[in-house]
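Whatever order the structure lists them in is the order used to number ligands and atoms, beginning at 1. Each residue takes its place number in the sequence, starting with 1.
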Amino acid sequence: MQNPEEKYPAPPFPDQKQTPPGTEGELRPKADHGEDSYKGSGKLAGKKAVITGGDSGIGKAVAIAFAREGADVLISYLSPVEDEDARDTASYVEQAGQKAVLIRGDISKEAHCKEIIEKAVAEFGQIDILVNNAAFQMARKTLQEIPSEEWEYTFAVNIHAMFYLCKAAEPHMKPGSCIINTTSVNAYSPTPLLLHYAATKAAIQNFSANLAQILLEGGKGIRVNAVAPGPIWTPLIPSTMPEPETFGENTPTGRAGQPAEVAPAYVFLASEESSYVSGATLPVTGGRITI
Ligand code: NAD
Ligand code: MG
């Protein structure tokens, strides 16, 4: 047993800045995605998963865990600068003996969301697990500093894409399949720096709970849940937050979480062990309260 306050590096982190979307290569210290620690036990044997933003951060840790549990994984990501991160994730999936499929593009466009689902169906024949995890955020100090285009883009990436992907995937999901959406502690206690992002994360909570009702009607048998991470050490942070040095200080554990500490929540929600869980949000926040 290990004291959670001491398990991983705590602030201060080295001063650093990245250009969005950021990469794992530039992150100091390196994040832990469970590369050396996650042990599978066949919980997702034979399953086919789609993970948006699976190149880096939380999505990368989820991809590694899912593959070690026996799932094939399609990883969607945004930019050519993330090619190396995506290939690295794919290599861990393949080392686990599973199929990895990569697709790059902007999910704020419905046409690309359809393309992601079509590719998954072409490669896998079905979709058992859809993880809507990609998101955009940008810290802005005042209301006036938020460009209107950025407001719209944030909603397009974080919540419109979720609708497009769920809509395109549903016809290919059999009873027993599931959807897992990444929300945030910001849905409960919004930071003033992230007005637009926090609003999308609150929308994701409502969307997930409501879709959970819809997809358990008429024998559809698809569960929908969400995971609400607290501050997690990923490329998103030095590319969008003003003071990554202090990141995670505002949690009872006093430190940032690692992607490896979030991934098991997704494994639980994707596995048969959560067969009676739908419409729920699982907080993974280092003790930040979400009631
Ligand atoms: P990350 O940067 O590693 O992952 C986000 C990914 O989203 C990127 O890799 C990028 O490829 C993808 N993406 C962004 N815009 C996209 C677009 N337009 N089209 C397609 N893909 C796009 O960061 P992360 O922290 O692992 O983020 C994963 C999820 O976790 C996000 O939903 C984020 O809001 C959520 N989250 C993160 C934290 C945190 O502190 N890191 C806290 C709460 C919630
Ligand atoms: Mg990335």
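- Glu261 has a carboxylate O that lies under 4.0 Å from a charged side-chain N of Arg255, or vice versa, which qualifies the two as a salt bridge.
- Of the options Gly57, Pro20, Pro235, Ala135, the smallest heavy-atom separation from atom 5 (C) of ligand 1 is shown by Ala135.
- Using 4.0 Å as the threshold, Lys201 has a heavy atom nearer than that to some atom of ligand 1.
- Put simply, part of Asp55 is less than 4.0 Å from ligand 1, judged by heavy atoms.
- In Asp55, the N, O or S atom that comes nearest to the Mg ion (ligand 2) is OD2.
- Contacts with ligand 1 closer than 4.0 Å are made by side-chain heavy atoms of Glu82 only, the backbone lying farther away.
- In this structure, the side chains of Val131 and Phe66 come closer than 4.5 Å at one or more pairs of heavy atoms.
- In this structure, a donor-acceptor pair under 3.5 Å is absent between the side chains of Lys201 and Thr183.
- Under a 4.0 Å heavy-atom criterion, Gly230 is in contact with ligand 1.
- The shortest N or O to N or O distance between Ser108 and ligand 1 is not under 3.5 Å.
- Geometrically, ligand 1 and Phe247 share no nitrogen or oxygen pair separated by less than 3.5 Å.
- Asn181 and Ser208 share a donor-acceptor pair across their side chains, judged by distance under 3.5 Å alone.
- A donor atom on one side chain and an acceptor atom on the other are not found under 3.5 Å apart for Thr89 and Tyr77.
- Listed by number with element, the atoms of ligand 1 under 4.0 Å from a non-hydrogen atom of Thr182 are 29 (C), 30 (O), 32 (O), 35 (C).
- Considering backbone and side-chain atoms together, Tyr77 places no N or O closer than 3.5 Å to any N or O of ligand 1.
- Looking at Glu82 and the Mg ion (ligand 2) together, the shortest N, O or S contact belongs to OE2.
- Contacts between Phe136 and ligand 1, counted as non-hydrogen atom pairs separated by less than 4.0 Å, are absent for every part of the residue.
- Using a 4.5 Å heavy-atom threshold, the side chains of Ile129 and Tyr266 count as separate.
- Looking at Ser108, its side chain never comes within 3.5 Å of a backbone N or O of Val157 through a donor-acceptor pair.
- When non-hydrogen atoms are compared, ligand 1 lies under 4.0 Å from neither the backbone nor the side chain of His112.
- Heavy atoms of Ile237 found under 4.0 angstrom from ligand 1 belong exclusively to the side chain.
- With a 4.0 Å heavy-atom cut-off, ligand 1 is reached by no atom of Trp233.
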_For a ring-ring contact (aromatic ring centres under 6.0 Å, His included) check, start with the C-alpha distance between Trp233 and Phe13, then their side-chain angles and the critical distance, and finish with the verdict._
CA-CA 10 Å; Trp233 190 239; Phe13 295 116; 4.2 Å; yes
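- With salt bridges taken as basic N to acidic carboxylate O contacts below 4.0 Å, one links Arg104 and Asp83.
- Checking only distances, Tyr197 does come within under 3.5 Å of ligand 1, N or O to N or O.
- For atom 27 (O) of ligand 1, the nearest non-hydrogen atom of the protein is Leu236 CD2, 4.1 Å.
- In summary, Asp128 and Lys174 do not engage in a salt bridge, as defined by a charged side-chain N under 4.0 Å from a carboxylate O.
- With atom 3 (O) of ligand 1 as the reference point, the heavy atom nearest to it among Pro21, Ala161, Ser56 is part of Ser56.
- No heavy atom of Asp85 sits closer than 4.0 Å to any atom of ligand 1.
- Under 3.5 Å, the side chains of His33 and Glu24 contain a donor-acceptor pair of N or O atoms.
- Using a 30° and 60° split on the angle between ring planes, His160 and Phe155 fall in the tilted class, from 30° to 60°.
- For the residue pair Ser275/Glu272, the side-chain donor-acceptor check at 3.5 Å is not satisfied.
- For a threshold of 3.5 Å applied to N or O pairs, the pair formed by Asn133 and ligand 1 contains at least one separation below that value.
- Contact annotation: for Ile107 versus ligand 1, heavy atoms closer than 4.0 Å belong to both the backbone and the side chain.
- Proximity annotation for atom 22 (C) of ligand 1: of Val262, Leu78, Asn181, Ile58, Leu78 comes nearest, heavy atoms only.
- Among the backbone and side-chain atoms of Ser79, no N/O/S atom is found under 2.8 Å from the Mg ion (ligand 2).
- For a threshold of 3.5 Å applied to N or O pairs, the pair formed by Thr234 and ligand 1 contains at least one separation below that value.
- When the options Gly54, Gly105, Gly257 are ranked by their closest heavy atom to atom 20 (C) of ligand 1, first place goes to Gly105.
- A salt bridge is absent between Lys99 and Glu94: the closest approach of a Lys/Arg side-chain nitrogen to an acidic carboxylate oxygen does not fall below 4.0 angstrom.
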